[in-house]
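Below you'll find the structure, written out as C-alpha cells, and then a few comments.
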Amino acid sequence: MTLTPTIRPRRLRATPAMRRLTTETRLHPAELVLPMFVREGIGEPLPISSMPGVQQHTIDSLRRAAAEAAEAGVGGVMLFGVPEIRDAHGTAADDPDGILNVAARAVAEEIGDALVVQTDLCLDEFTDHGHCGVLDLAGRVDNDATLERYRSMALAQAEAGSQLLGLSGMMDGQVAAVRDALDGAGFHDTAILGYSAKYASAFYGPFREAVDSQLEGDRSTYQQDPANRREGVREAELDVLEGADIVMVKPAMSYLDVLADVAAVSPVPVWAYQVSGEAAMIEAAAAHGWIDRRRVIEESVTGIKRAGADAVLSYFATEIAGWIR
Ligand code: PBG
C-alpha cells in the first residue's frame with residue numbers, strides 16, 4: 001500500500017509568490033563588486049579574448065564603466081592596473097603617477113560617494129617576473145621584503161582615494177604590515193580586505209591575459225594548496241587578528257566548503273571572488289548554447305551567497321544588478 005505523505009515540502013514551491021516569500025537567499029546589487037582592468041598607454045579600450053564582455057579600460061572608459069556600475073546600484077569596484085613598464089621591484093605600483101593610482105584617483109573623483117572604490121594591492125601586475133612579491137637572490141619570493149613594498153603601495157593607494165585595499169598577495173603578515181603603515185600615516189579610515197584564503201588556482205587563467213601577466217611557473221609557495229580546507233579557516237582567522245576588516249575566499253565555486261567554514265566563524269564580513277576562469281567557463285558554454293547564460297550566472301552567484309558570502313566579486317556584477325532591477 002502507498003502511504004499518503006502528510007509532510008509536503010512542495011507546498012512552498014507551488015506558486016511564484018510562495019517561492020518568493022520563502023526564498024532564503026536573494027541577490028542584491030549592493031552586495032556585488034565589479035572587478036575592472038585599466039591599462040596604461042592605450043587610446044581605446046581593448047577586449048580580453050578569454051573574458052568576453054570584459055575590457056582593458058582607458059582611464060576615460062573606466063570612469064564611464066564605473067559610473068554605469070554605480071548607476072546600476074553595484075556596491076563597489078575593484079581596480080586592477082596594467083602598467084606599460086615593469087621591473088623587478090614593481091616600481092609603478094607605489095608611484096603616485098602609476099596607472100592603478102591614477103585610476104583610483106579618477107574613479108574616486110567620479111563616483112567615490114556612490115560606491116566603494118577598491119584597489120588590488122599586489123605586485124604581480126607590476127613586476128617583470130610576474131610574482132606577487134620581490135625576489136631574493138635565489139629567486140624565491142621574499143616575504144618580508146615584499147611587506148615593505150606593500151606598505152608603500154598601501155600609502156599610495158590610500159593617498160589616491162582608494163577606500164578599501166584588496167590584499168591579494170598571500171604574504172604572511174601582510175594585513176598587519178599594511179594596517180601599521182596606514183595608521184602611521186593617518187589613514188585610519190582606509191579599510192582592508194584580506195584575500196585570506198586564496199588558493200593557487202588554475203581558474204585564474206584568463207586573468208593572466210587580462211593583466212598581461214609575465215609569470216612563468218606558479219604561485220604555489222605562497223598561495224594555498226587547493227587540497228587544503230582547514231588551512232583556509234586558519235588564514236582567515238590570522239587576517240582578522242591582524243586587523244582585516246573583511247576576509248575573502250577565492251576562487252569561489254570550487255571552494256564553497258572553505259567559504260562556509262570561514263563564514264561560520266568569522267566575526268567580520270566574508271566575501272568571495274567568482275574568478276576569471278569561472279566566468280570564462282560560463283561564457284564558453286553559453287556561447288555554444290549548452291547552458292542558459294543568465295540562469296547559470298544567477299545560480300552561480302546565488303550559490304556563492306548561499307554558502308556564506310556576504311558579498312561577491314563578479315565580472316557580471318553590473319549585468320546582474322540590471323537584471324535585479
Ligand atoms: C593577484 C590577483 C590574481 C587575481 C586577482 N588578484 C591573480 C593571481 O593570483 O594569480 C585573479 C582574479 C581572477 O582570476 O579573476 N593580483
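What you see below is based on every heavy atom in this structure, not just the backbone, and it leaves out hydrogens, waters and symmetry mates. In listed order, ligands and their atoms are each counted from 1. Note that the coordinates shown come from a computational prediction; the quantities given were computed from them, not determined experimentally.
- The closest donor-acceptor contact from the side chain of S266 to the backbone of V262 lies at 3.5 Å or more, if one exists at all.
- Near ligand 1, heavy-atom contacts under 4.0 Å come from F80, D120, C122, D124, E125, S168, K198, Y204, F207, R208, R219, Q223, K250, Y273, V275, S276, Y315.
- In this structure, M78 is not a member of the same hydrophobic cluster as V74, with clusters built from ILVMFWY side-chain heavy atoms closer than 4.5 Å.
- The pair R39-E84 does not count as a salt bridge, with every side-chain nitrogen at least 4.0 angstrom from each carboxylate oxygen.
- We find that R64 and E68 are not joined by a salt bridge, their nearest charged nitrogen and carboxylate oxygen being 4.0 Å or further apart.
- With contacts defined as side-chain heavy-atom distances shorter than 4.5 Å, the pair K198/R219 does not qualify.
- Checked against side chain to side chain contact (heavy atoms under 4.5 Å, CB included), Q214 has the following partners two or more places apart in sequence or in another chain: R86, D212.
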